[in-house]
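For reference, the structure discussed in these notes is given below.
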Number of protein chains: 2
Amino acid sequence: MLAVERKNLILERLQEQKRVVVSELSELFDVSEETIRRDLDKLEKEGFASKTYGGAVLVENNNTDMPFSVRQKRNIQGKKIIADIIEELIQDGDHIVVDPSTTAVFIVNALKNKKDLTVVTNSIEVLVELSDVSGWDVISTGGTLKENYLALVGPKALEGIHSFNSDKVILSCKGIDMGKGITDANEMFSQVKKAMLSSAKQKILAVDSTKFEQVAFSKICDVTDLDMVVTDKKPADAWLEYFKDKGIACLYGE
Amino acid sequence: MLAVERKNLILERLQEQKRVVVSELSELFDVSEETIRRDLDKLEKEGFASKTYGGAVLVENNNTDMPFSVRQKRNIQGKKIIADIIEELIQDGDHIVVDPSTTAVFIVNALKNKKDLTVVTNSIEVLVELSDVSGWDVISTGGTLKENYLALVGPKALEGIHSFNSDKVILSCKGIDMGKGITDANEMFSQVKKAMLSSAKQKILAVDSTKFEQVAFSKICDVTDLDMVVTDKKPADAWLEYFKDKGIACLYGE
DNA sequence: GATTTTTTCTTTCAACTGCTAACATACCCC
DNA sequence: GGGGTATGTTAGCAGTTGAAAGAAAAAATC
């Protein structure tokens, strides 16, 4: 086994389990503990790990303003559950709008067995994901590339969104809160998402359970502006009552 | 066995197994380890491998199975030479237009040390490549995703291109021929490229040497519509004379 | 709370393996 | 034959590893 391979495997394990133990790794890879420590040193220098007595813990990249590729691995299971629920909501021939988020990538992937969809998006990743489907109409809004994201923003993007009227918009966000509404990391994004909301009839929010009670910087809309909320786990009873009260459908996994 | 054959076999093995070991390859092909190392050097220069102590690991292309990943291997050396020449033509602060091509990806990569560029493109790959630069204005034209390509086409794309006026356009094509002019594979692409040509002052064609005397389906423009041709190898004397005669600058490698 | 014991960490060293660079040789194509 | 490329050889250098010893941290004991 090459040294780099071992280091990468340790990193993978670290990302899955959030922590690693020197003695375990030493046994697992059949190398001395010193070698493992040296690997952890490197991972620490690279910013992935933080060494502790007996092992190391994962450095959680606060997802506020991180490049896209780094954020990808969080709560994959949840995003898959959400994607499967959304898949049942979409019919052949639908016109949908999707925003830039990891969840959105999972969703369009789950939709690939549909026919004749029209997808409007400002997400580069969604375009890449859909570059191999046939018979669909995949439309990019255009716009300015937001630094360190794979998303298009700005006036051109808004203009692009406004020139289409769709059946459904599938939105993501950084936070959902009864008082503060639906919020996102920065104004560029919330602007685009606002425009998307106004360009489609049915407004669906797709968020994993960790986003509840979170509040981020820039407001997109009120919770009551939504028609439906899709999430991976059953929300708290207070939320379910709130949704029922306001006439918002709520679907969740399990 | 020819050297190239061996190199390609190593690349295949690398893509299958994600890693290769110098000692194994040396035994497998019955050549010295130094020869293997030299092969790995080349693969590293071409961007496929990353050498490590004892072997090399595969450089994972950000977007693993792009439909056109096959095209990428062709004449990488030539594209790099072209990119280096173009790099010297572009100044800080320039507004440029680039089309979707592998060459374009190399070019924008070579430009990353420039400051304050504005790039207009309908290539998804160029956007991905530029997602990590800071201080630039990277603008996507928007448009419809062309099936099995990572390129935006159609009326929306044309509209997007027409709304900007740039200093330089860097164009690629499938064929360049004195009689038939500059041609490309399909009408969608040639439409977009026509629009790009009309949106910039200086019109630069970046083509590797294999495209000379080739004719493809859809005409973009006449050779005389260009201001400059950049290629990797010195073109035939007939071409050099033709360029001189028509007042078209021609730059080439070596 | 202080002392002892245990565990883990850091540093240093030596052995080993693999790497780089320079040169020599063989081969091919013109 | 001669220039260029591909390959092999060599020697000195660099990276990787494990062992050992002392330092530091945590746990156990009094």
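Worth knowing before you read on, the calculation uses all heavy atoms, side chains too, and leaves out hydrogens, waters and symmetry mates. Per chain, numbering begins at 1; letters A, B, ... match sequence-line order.
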| note | Sorted by position of nearest nucleotide on DNA chain C, 5' first, the leading residue of A:Gly54 and B:Asp41 is A:Gly54

| task | Remember a base hit wins even if backbone is also touched, and classify B:Thr52 as base, sugar-phosphate or nothing at under 4.0 Å, heavy atoms. | result | sugar-phosphate

| message | Can you tell me how far apart CD (B:Gln202) and CG (B:Leu197) are? Round to the nearest 0.5 Å. | response | 12.0 Å

| remark: Partner of B:Asn186 under side-chain contact (heavy atoms from CB on, under 4.5 Å), picked from B:Gln191, B:Lys174, B:Lys146, is B:Lys146

| message | Are the side chains of B:Asn122 and B:Phe189 in contact, using a 4.5 Å heavy-atom criterion? | response | no

Pairs: protein N or O with nucleotides 27-30 of chain C N or O, under 3.5 Å:
none

| query | What is the distance from atom CD of B:Gln15 to atom CD1 of B:Ile10, rounded to the nearest 0.5 Å? | reply | 12.5 Å

| query | What class does the angle between the rings of B:Trp239 and B:Phe243 fall in, given that below 30° is parallel, 30 to 60° is tilted and above 60° is perpendicular? | reply | tilted

| Spacing between A:Arg37 atom CZ and C:dT12 atom P, to the nearest angstrom | 16 Å

| query | Does some side-chain heavy atom of B:Glu34 sit less than 4.5 Å from a side-chain heavy atom of B:Arg38? | reply | yes

| task | Scan residues 237-247 of chain B for pairs that pass salt bridge (charged side-chain N to carboxylate O under 4.0 Å, His left out), counting only residues two or more places apart or in two chains. | result | none

| field | Nearest-Å distance for atom pair CD/C1', residues A:Glu27 and D:dG18 | value | 17 Å

| query | Is there a donor-acceptor pair closer than 3.5 Å between any side-chain N or O of A:Thr183 and the backbone N or O of A:Ala216? | reply | yes

Below 3.5 Å, can you tabulate the donor-acceptor pairs from side chains in residues 20-30 of chain B to any protein atom, sequence neighbours excluded?
| residue | atom | partner | partner atom | Å |
| --- | --- | --- | --- | --- |
| B:Glu24 | OE1 | B:Arg13 | NH2 | 3.2 |
| B:Ser26 | OG | B:Val31 | O | 2.8 |

| field | Partner residues of B:Lys211 under the salt bridge (charged side-chain N to carboxylate O under 4.0 Å, His left out) criterion, sequence neighbours left out | value | B:Asp208

| task | In whole angstrom, give the distance that lies between atom CD1 of A:Ile36 and atom C1' of D:dT16. | result | 13 Å

| request: Could you state the atom-to-atom distance from CD of A:Glu33 to C1' of C:dT7 in whole Å? | output: 10 Å

Enumerate all atom pairs, one protein N or O and one N or O from nucleotides 21-25 of chain D, separated by less than 3.5 Å.
| residue | atom | partner | partner atom | Å |
| --- | --- | --- | --- | --- |
| D:dA25 | N3 | A:Tyr53 | OH | 3.2 |

Polar atom pairs (N or O), protein with nucleotides 5-7 of chain D, under 3.5 Å:
| residue | atom | partner | partner atom | Å |
| --- | --- | --- | --- | --- |
| D:dT7 | OP1 | B:Arg6 | NH1 | 2.8 |
| D:dT7 | OP1 | B:Arg6 | NH2 | 3.2 |
| D:dT7 | OP2 | B:Arg6 | NH2 | 2.7 |

| For B:Glu24 and C:dT17, what is the distance between atoms CD and P respectively, to the nearest whole Å? | 16 Å

| said: When you measure from the side chain of B:Lys168 to the backbone of B:Leu89, do you find a donor-acceptor pair of N or O atoms at a distance under 3.5 Å? | reply: yes

